[in-house]
*Asks:* 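Take this structure first; my questions come after.
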Amino acid sequence: MKSDNVKIGEQQAPHRSLFNALGFTEEEMHKPLIGIVSSYNEIVPGHMNLDKIVDAVKIGVAEAGGVPVVFPAIAVCDGIAMGHVGMKYSLVTRDLIADSTECMALAHQFDALVMVPNCDKNVPGLLMAAARVNVPTVFVSGGPMLAGHVHGKKRSLSSMFEAVGSVAAGSMSLEELKEYEEKVCPTCGSCSGMYTANSMNCLTEAIGMGLRGNGTIPAVYSERIRLAKHAGMKVMELLEKNIRPRDILTKEAFMNALTVDMALGCSTNTMLHLPAIAHEAGVDINLEIANEISAKTPNLCHLAPAGPTYMEDLNEAGGVYAVMKELSKLNLLNLDLMTVTGKTVGENIQNAVNKDPEVIRPVENPYSKTGGIAVLKGNLAPDSGVVKRSAVVPEMMVHEGPARVFDCEEDAIAAIKGGKIVAGDVVVIRYEGPKGGPGMREMLNPTSAIAGMGLGSSVALITDGRFSGASRGASIGHVSPEAAVGGPIALVEEGDIISIDIPANKLELKVSDEELARRKAAWTPREPKITTGYLARYRELTTSGNRGAVLELPKNV
């Protein structure tokens, strides 16, 4: 056992004395040491129940003959961090989580790990750590929030942000806003639509690192406690069989995950996280492959914000496995891959049933014949830009209009709410990329303001930042190269015509090459907004959005 390095032998007597200080018994010293990475905290609604999940995992580990040992991981609530400097600290925590988990796992020589994440960057950060540490690992998330109910209709956090825009437009009263405020987030759990947290928890199932139901069983269901106990038991089986994350996180598994991503209509943030996780697993993913997969993968689900269904509905319809079973009818998945169940993908989904064809469309009747995400390229995004195609209204799939240029999110929001943005405009928000932010903020506030102002079917938004999974409309993010490194988005001027053609995967600035070259020659880098602390270090090490914003040492080091 790996933990023998800190438990067995004369040289380990000092180590054993410290285990004695922890209250370990002689019997426990001869059992596998299982680290349980708890993301519990009291500021993230999706994490406030994780203490109960962790307790259940501990029971499962102990019942199966292991010694459970809990240590922490941080997590940021993107909703609370939204719209101010706090959002600069969201994406960057992904690497802090991966780094600190790697440090704890290897410093203490755990034999296996159970990861207990839930929200946003916490899930990919722990998947990155799992790939690095590469000891047997199982994931069990905290589960999604139940949808809220306002005036008899299901609502979620995206409804809340759009309600603020409606108040600014004069179409909603402050009293109605207060009712939304009190009802849209009714329970603990990750916010109830197909936002980033739920996208990543579902893809954890699809890629083979989580048990059935990991992405969809609501946080408040006792079924999730049972799932956590089984995760604790299952990690002991993986340890016995020596099945490790890199045995599961193969290139073929990432192709499966991207395929399920397209069918579910996941958050565009998956286009940042999957390449970053793959990087840690030694697998190279070029984002252009997303369009190849999308071209042959039907979009089967329209969960909020793309449609009126929520995570609880997906769970009742059969969950991720039911979606995968539909995809298998078209031979779109590799069914021979190993998973944390100890069985193959094909064995896992063999008995899955689609119980609600309105929530999970059969492959014969998809929402569209192509997937939920598109990667765009053109002279405005030579490397790439990303859009959640499944959440774009038909009339905005092809659009051309004048650029309205802003060098930060706050200025754009002020213009939108001030009535300065009109139908046909293309809002450009730049210097918000991984380096430019620094930290690549989400743009849920401006996209929600556009929707709330009644402009969702006539105004596009383009940014080198990123979007919450709660964003909808013609919202194109991750534009690379970003403005901070002199990408073409830095050269856009007020009134320039921008052409968007999502079906053709095109994003073009209607300016001549000669004029762009002139502007490029005159462009000078901006002084960094933040020069101290973690964000300054992050800015120096991060790569572009098209590469997953992974961290790399400078080439001269």
*Asks:* Measuring from S192:OG to N198:CG, what's the distance to the nearest 0.5 Å?
*Replies:* 8.0 Å
*Asks:* Just by distance, no angles: are the side chains of T216 and N315 close enough, under 3.5 Å, to form a donor-acceptor pair?
*Replies:* yes
*Asks:* Distance check, rounded to the nearest 0.5 Å: I450 atom CD1 versus K417 atom NZ?
*Replies:* 11.5 Å
*Asks:* How would you list all residue pairs meeting side-chain hydrogen bond (donor to acceptor under 3.5 Å, both in side chains) that involve residues 159-168, not counting sequence neighbours?
*Replies:* E162-R472
*Asks:* Just checking, any donor-acceptor pair under 3.5 angstrom between side chains of H151 and E179?
*Replies:* yes
*Asks:* Does A197 offer a backbone N or O that forms a donor-acceptor pair with the side chain of N118 under 3.5 Å?
*Replies:* no
*Asks:* Quick one about S141 and R224 (side-chain donor to acceptor, distance below 3.5 Å, no hydrogens or angles considered), yes or no?
*Replies:* yes
*Asks:* Any luck finding a side-chain donor-acceptor pair between N214 and E205 under 3.5 Å?
*Replies:* no
*Asks:* Does the side chain of N269 come under 3.5 Å of the side chain of E442 through a donor N or O and an acceptor N or O?
*Replies:* yes
*Asks:* Please check if the side chain of R94 supplies one atom and the backbone of A549 the other of a donor-acceptor pair under 3.5 Å.
*Replies:* yes
*Asks:* Are there over 12 heavy-atom neighbours, none belonging to L330, within less than 6.0 Å of that residue's CG?
*Replies:* yes
*Asks:* Taking atom NZ of K296 as the centre, report whether more than 12 heavy atoms of other residues, nucleotides or ligands fall under 6.0 Å from it.
*Replies:* no
*Asks:* Go through the side-chain N and O atoms of R466 and S90 and say whether any donor and acceptor fall under 3.5 Å apart.
*Replies:* yes
*Asks:* Under 4.0 Å between a Lys/Arg side-chain N and an Asp/Glu carboxylate O for E540 and R537?
*Replies:* no
*Asks:* Would you call the rings of H302 and Y367 parallel, tilted or perpendicular, taking 30° and 60° as the class edges?
*Replies:* parallel
*Asks:* Output yes when a side-chain donor or acceptor of D383 lies under 3.5 Å from a complementary backbone atom of V479, and no otherwise.
*Replies:* no
*Asks:* Might you confirm whether atom CD of E42 has over 12 heavy atoms from other residues, nucleotides or ligands at distances under 6.0 Å?
*Replies:* no
*Asks:* For K506, I'd like to know if atom NZ has over 12 heavy atoms of other residues, nucleotides or ligands within 6.0 Å.
*Replies:* no
*Asks:* Any chance CE of M48 has more than 12 other-residue heavy atoms, nucleotides or ligands included, within less than 6.0 Å?
*Replies:* no
*Asks:* Using distance alone, with no hydrogens and no angle criterion, decide if S267 and S199 have a side-chain donor and acceptor under 3.5 Å apart.
*Replies:* no
*Asks:* Just by distance, with hydrogens left out, do T531 and R539 show a side-chain donor and acceptor under 3.5 Å apart?
*Replies:* no
*Asks:* Under a 3.5 Å cutoff, is there a donor and acceptor pairing between the side chains of H149 and R155?
*Replies:* no
*Asks:* Assess R526 against Y431: is NZ or CZ under 6.0 Å from the centre of the six-membered ring, and within 45 degrees of the ring's axis?
*Replies:* yes
*Asks:* Under 3.5 Å, side chain of S368 to main-chain N/O of T370, donor-acceptor pair present?
*Replies:* yes
*Asks:* Say whether, by atom type as modelled, one donor and one acceptor occur between the side chain of H279 and the main chain of V550 under 3.5 angstrom.
*Replies:* no
*Asks:* So does E395 get a backbone contact from the side chain of H399, meaning a donor-acceptor N/O pair under 3.5 Å?
*Replies:* no
*Asks:* So, does K388 use its side chain to make a donor-acceptor pair with the main chain of G265 at under 3.5 Å?
*Replies:* yes
*Asks:* Is there side-chain contact between L203 and V260, with heavy atoms separated by less than 4.5 Å?
*Replies:* yes
*Asks:* Is a salt bridge present between D464 and R430, judged by a nitrogen-to-oxygen distance below 4.0 Å?
*Replies:* no
*Asks:* Would you mind reporting whether M160 and L177 have side-chain heavy atoms less than 4.5 Å apart?
*Replies:* yes
*Asks:* Quick one: does any side-chain atom of D496 pair with a main-chain N or O of E493 as donor and acceptor, under 3.5 Å?
*Replies:* yes
